[in-house]
Amino acid sequence: MLEIKNLHATVDGKPILQGIDLEIAAGEVHAIMGPNGSGKSTLAYVLTGREGYEVTEGQVLYKGQDLLEMEPEARAAEGVFLAFQYPIEIPGVANTTFLKEALNAVRRHRGESELDAMEFMKLLREKTKELGIAGDMLKRPVNVGFSGGEKKRNEVLQMAVLNPTLAVLDETDSGLDIDALKTVADGVNALRNAERSMLVITHYQRLLDYIVPDRVHVLARGKILRSGGKELALELEQKGYADFTQAA
Amino acid sequence: MSETSQQSLGTEAFAAQFQARRETLPGSGLGWLGALREAGIAALAERGLPTPRVEDWKYTNLRPLETLALTAARPDAPAPSLDLVPSLLATTDHPRLVFLNGFLRPDLSRLADLPEGVELAGLADLIAKQPDWLQSELSDDGKFETTALTALNTALMEDGAVLRIARGAVVERPIELVFLGAAEAQPLSIQPRNLIALGEASQATVIEVHAGLGEGVTVSNSVSDVHLAPGARLTHVKLQDESHRSYHLASLRARLERDSTYEGFGLSLGAALSRNEARVRLEGSGGHCLLGGGYLMRDKQHCDNTTVIEHLAPHTSCREVFKGALDDKARGVFQGKIVVHRDAQHIDGHQLSKALLLSDDAEMDAKPELEIYADDVKCSHGATAGEIDHDALFYLRCRGIPEAKARSLLIQAFLAEAVEEAAPEALREALNARIIAWLAAKPQGAN
């Protein structure tokens with residue numbers, strides 16, 4: 001599904017990613033843990049093509065294609081999804097309009113027919129019901145005035161509607177109380193299947209109690225310094241990142 | 001004289017037009033009207049057409065007008081078929097006046113079955129019938145500063161819409177005024193004069209649509225005088241979609257008596273150069289004025305929104321919200337002056353101008369001015385001009401929405417704030433449709 005090879009990236013000329021190697025097979029959930037400033041979000045943005053994140057070396061293959069050559073919208077249409085750490089507020093664009101535009105853009109790209117208003121509302125009602133999202137959130141402008149929990153649930157809703165094959169979850173637990181965390185994690189778990197891969201980025205082990213990963217990687221100083229099974233997350237919770245942050 | 005030091009442009013062409021036509025202009029047999037026109041042409045000659053050397057015209061240059069060999073529009077232009085008359089309304093039974101090159105076309109208008117309390121007619125017709133009140137309505141009472149453009153209009157006005165709403169009448173159906181410009185090789189000068197007077201506690205909605213038929217050049221210099229009696233409420237929406245070589249100069253002068261409300265919204269899409277100048281006098285306590293505007297400009301289009309709001313009585317309020325997007329080498333101007341006179345206490349005034357620059361060559365000039373001579377006053381203003389929000393753009397693209405579409409959505413959303421705040425709900429969809437059509441005319445690429 002995803003192969004990252006010796007990935008180096010800079011932000012404002014400053015090296016952030018310094019040789020990442022990572023492979024995620026179809027259906028696997030990998031977690032990336034690391035201290036603040038280790039490059040976790042940079043990795044998420046490089047994978048989705050955000051402006052200002054410059055790849056200086058290395059390669060990323062997604063379903064065998066060169067991901068880094070693609071425009072952000074093409075990556076999305078090919079099934080790459082980023083759940084933002086800080087979802088962007090878009091005044092003046094109703095959430096429903098946004099979701100419909102996004103879904104139909106992706107469907108067009110995939111050669112599928114666009115959904116009309118009725119078909120779309122039917123789909124949306126199903127998904128919102130599963131995620132416990134109030135209809136009111138759909139009418140409001142995208143993320144405007146949403147609570148932290150609502151914003152994160154809205155990200156999961158978008159993921160459920162767009163049906164990606166690779167979902168990158170950037171600090172999806174940040175700013176959530178335990179009930180909201182459970183709701184969001186349930187939503188994510190419901191989307192786990194044999195074809196869909198996930199990359200879960202988190203600072204804390206807490207989220208991984210609910211979204212249990214197949215593999216855990218420690219990202220520090222721009223590199224993956226250690227990889228292991230889900231038990232690695234527990235170890236990090238006990239010991240902290242001190243072992244990884246000191247200069248080698 | 002060098003361009004930089006010149007205070008005014010020549011008005012000889014208009015003076016010649018006046019001399020040639022003074023005997024044939026409507027009401028030429030009326031002494032008072034003749035005197036009014038003479039005073040107008042004299043005031044124009046004295047002032048000259050303004051140049052950017054004049055503070056009020058700092059950012060808008062009328063010099064291109066000098067190069068046009070303007071002739072006065074004539075009433076004999078061939079009428080378009082009825083279905084080519086644009087409208088902001090889906091209904092086909094609302095009262096409507098249609099003007100072609102400034103002249104009322106009864107064949108395209110709908111004047112039958114006017115709602116109770118509504119008087120609607122063409123100015124030239126009323127001048128011919130000589131109602132006494134027309135003299136007082138047209139005469140300069142000195143309440144508004146005479147500008148070169150209002151003086152020019154007074155000298156050469158021929159026709160326009162006259163709307164009077166009777167005291168207490170609440171008119172549900174909107175009244176539409178359509179101004180069509182249809183010039184051929186010869187650029188035409190048009191001087192529409194509109195009068196809108198609402199009686200005590202009456203309510204009405206007036207919609208103006210200005211559009212060009214074909215690509216000819218028209219120079220429309222309109223004056224609209226609005227008078228709201230105590231407790232009256234006017235909703236006034238204007239769509240300006242003239243041909244891209246035309247000039248649209250519009251002066252609005254509104255007097256608001258006690259407890260009256262004026263709510264205006266204008267969407268500017270067309271014309272090579274447009275200036276919407278609104279002067280509002282809040283003369284009685286409890287008066288409220290809302291001025292809203294949206295503009296979408298591309299190529300070398302120029303759109304100027306200039307407002308002067310005078311608070312002359314206590315407990316009056318105003319709110320202004322202007323938002324627009326400028327592409328290519330387009331230029332936008334917002335000049336907003338709020339004057340609070342001495343003894344006009346408890347004033348609330350808010351002004352907002354926001355522009356989205358879609359290209360590096362687009363330009364926005366904003367000049368807010370507050371002149372406050374009272375002490376219990378709450379006034380604020382804000383003016384911004386910036387690029388499209390890159391974070392929002394990335395967010396939309398990250399969900400699969402192609403860049404051009406994402407940009408369109410964001411521009412539409414940007415304008416929506418002004419539409420939602422200042423345009424009546426019943427017209428928002430029609431206005432948004434115009435915005436969407438503008439966006440669709442050229443894909444929004446990365447600039």
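Here is how names work: the chains are called A, B, and so on, in the same order as the sequence lines, proteins then strands, and each is numbered from 1.
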Test side chain to side chain donor-acceptor pair (under 3.5 Å) on D173(A) and T202(A) and set out the steps. CA-CA 7 Å; D173(A) 51 331; T202(A) 182; 3.0 Å; yes
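- Contact check on R50(A) versus D391(B) returns a salt bridge, with a Lys/Arg side-chain nitrogen under 4.0 Å from an Asp/Glu carboxylate oxygen.
- For the residue pair E171(A) and S41(A), no side-chain donor N or O sits within less than 3.5 Å of a side-chain acceptor on the partner.
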Can N154(A) and N143(A) be said to form a side chain to side chain donor-acceptor pair (under 3.5 Å), step by step? CA-CA 8 Å; N154(A) 201 29; N143(A) 294 324; 3.1 Å; yes
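- Both the backbone and the side chain of E101(A) come within less than 4.5 Å of a heavy atom of chain B.
- Looking only at heavy-atom pairs under 4.5 Å with chain B, the residue among G92(A), P72(A), P164(A) that has the most is P72(A).
- The most heavy-atom pairs under 4.5 Å with chain B, out of E155(A), R108(A), M159(A), come from E155(A).
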Side chain to side chain donor-acceptor pair (under 3.5 Å) evaluation trace for E320(B) with T307(B): CA-CA 9 Å; E320(B) 294 179 76; T307(B) 66; 2.5 Å; yes
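- Residue with the most contacts toward chain B among L82(A), V106(A), V93(A): L82(A) (heavy-atom pairs, distance under 4.5 Å).
- Looking only at side-chain heavy atoms (C-beta outward), K40(A) and H203(A) come within less than 4.5 Å of each other.
- Contact of L415(B) with chain A is not made at all, since no heavy-atom distance falls under 4.5 Å.
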H350(B) and H381(B): ring pair (Phe, Tyr, Trp, His ring centres under 6.0 Å), yes or no, with the steps? CA-CA 6 Å; H350(B) 296 284; H381(B) 63 79; over 10 Å; no
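- The contact between P87(A) and chain B is made by backbone and side chain atoms together, counting heavy-atom distances below 4.5 Å.
- No part of R75(A) comes within reach of chain B, as not one of its non-hydrogen atoms sits under 4.5 angstrom from that chain.
- Using a 4.5 Å cut-off between heavy atoms, N104(A) makes no contact with chain B at all.
- Contact of V142(A) with chain B is made through the side chain alone, with heavy-atom distances under 4.5 Å.
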